[in-house]
Amino acid sequence: MTQGDEATRTARAPLGRRAATKARTREALLDAARRVFAERGYGPASVEEIARTAGVSVGSVYVHFASKEALFTALVEAQTSADVSAMAAVVHDDPDETFAALDRLVGDIADSREEALLDAEIWLYAVRHPEFADRLAEHEVRLARFANEQLSHDWDAMDPAVRAAVRDDEFVIAAAAFFHGLIRLRRVLGEEAVPTDLYSRVLKLLLRLPDRSAT
């Protein structure tokens, strides 16, 4: 290694450490924002409380995010990526395994207090701020398209009459609406009224797929 190469490597090391520290701070702020927005709601939540929860200064918040709204939007975008990862994890070669994993996902999300509060806050904010609703729509469309791509192999078993009545992309949107609605009802009515396997049982009925678990 030449002297110039050594100097370059030495100069890059602090830059790499600073970048890593900055990334960790950003993640800490997003994690703190998730907790504060969920518990307080968007309106009452303050940048000061988010900074305190993250263990950083208020100035550090504005290094990463221009405003409270920018932080909230970044949180929703991070949630989108997490949702896509969660959806990818439930897809299996065996359709029955995929449906069982979707059922577990419904239960996990519905039974999480933080998920329930944050979900409600995001939707409420979108209703009150039409410009934000457009971004939330992008979030939902991205998930729907991903689901359509990942689950398309299951459509081959769908009843031809169902396929003729509803396009694949339309069915995915309807299934997503059912997914969200069932989660919200389970949060209110409880597991007895909305059992964990209800999503897959109804979805199979709509698709007119055979329920092999019942045989």
Side-chain angles (χ1 to χ4, degrees), residues 10-90 101 104-144 146 176 179-191 194 196:
T10 302
R12 285 176 178 170
L15 291 175
R17 285 195 294 270
R18 283 198 294 271
T21 299
K22 187 175 181 179
R24 285 194 298 270
T25 300
R26 189 178 191 277
E27 287 304 310
L29 286 168
L30 288 172
D31 183 62
R34 163 181 281 275
R35 285 180 279 160
V36 174
F37 283 133
E39 290 296 332
R40 299 288 190 189
Y42 178 82
S46 68
V47 171
E48 289 77 14
E49 184 175 4
I50 292 171
R52 186 167 59 251
T53 302
V56 301
S57 68
V58 173
S60 293
V61 178
Y62 291 110
V63 167
H64 295 271
F65 307 100
S67 63
K68 184 174 79 169
E69 183 177 23
L71 175 53
F72 187 71
T73 301
L75 178 61
V76 174
E77 290 172 347
Q79 184 66 42
T80 301
S81 297
D83 289 345
V84 168
S85 297
M87 182 63 70
V90 307
R104 289 191 295 271
L105 187 61
V106 169
D108 290 344
I109 296 174
D111 298 342
S112 168
R113 170 181 166 80
E114 186 176 272
E115 289 278 359
L117 291 171
L118 187 62
D119 178 64
E121 194 60 36
I122 289 172
W123 278 96
L124 183 61
Y125 186 85
V127 170
R128 290 175 171 169
H129 300 79
E131 69 283 0
F132 180 80
D134 291 339
R135 303 197 68 166
L136 186 60
E138 292 174 6
H139 164 97
E140 294 296 334
V141 168
R142 179 183 171 193
L143 282 175
F146 179 82
F179 181 84
H180 288 303
L182 205 61
I183 286 171
R184 289 168 189 171
L185 283 176
R186 178 174 165 122
R187 289 167 181 165
V188 175
L189 301 178
E191 184 177 356
V194 186
T196 301

Does a side-chain heavy-atom distance below 4.5 Å link [X] with [Y]?
X: R187; Y: D119; answer: yes
X: L105; Y: F179; answer: yes
X: H129; Y: F72; answer: no
X: R113; Y: E39; answer: yes
X: V63; Y: R26; answer: no
X: F65; Y: T73; answer: no

On a heavy-atom basis, the closest approach of L117 and A38 is CB-O, 3.3 Å
Please verify the inter-ring angle class for Y42 with F37; under 30° counts as parallel, over 60° as perpendicular, anything in between as tilted. parallel
Among all residues two or more places apart in sequence or in another chain, which pass the side chain to side chain donor-acceptor pair (under 3.5 Å) test with S67? none
Sorted by chain and residue number, the side chain to side chain donor-acceptor pair (under 3.5 Å) partners of T25 (sequence neighbours excluded) come out as none
As an exercise, state the distance from [atom1] of [X] to [atom2] of [Y], rounded to the nearest 0.5 Å.
X: I183; Y: D111; atom1: CD1; atom2: CG; answer: 10.0 Å
X: R35; Y: L118; atom1: CZ; atom2: CG; answer: 12.5 Å
X: T196; Y: R186; atom1: OG1; atom2: CZ; answer: 4.0 Å

H64 and its side chain to side chain contact (heavy atoms under 4.5 Å, CB included) partner, picked from V56, L29, L30: L29
Qualifying salt bridge (charged side-chain N to carboxylate O under 4.0 Å, His left out) pairs with a residue from residues 46-74, counting only residues at least two apart or across chains: R40-E49
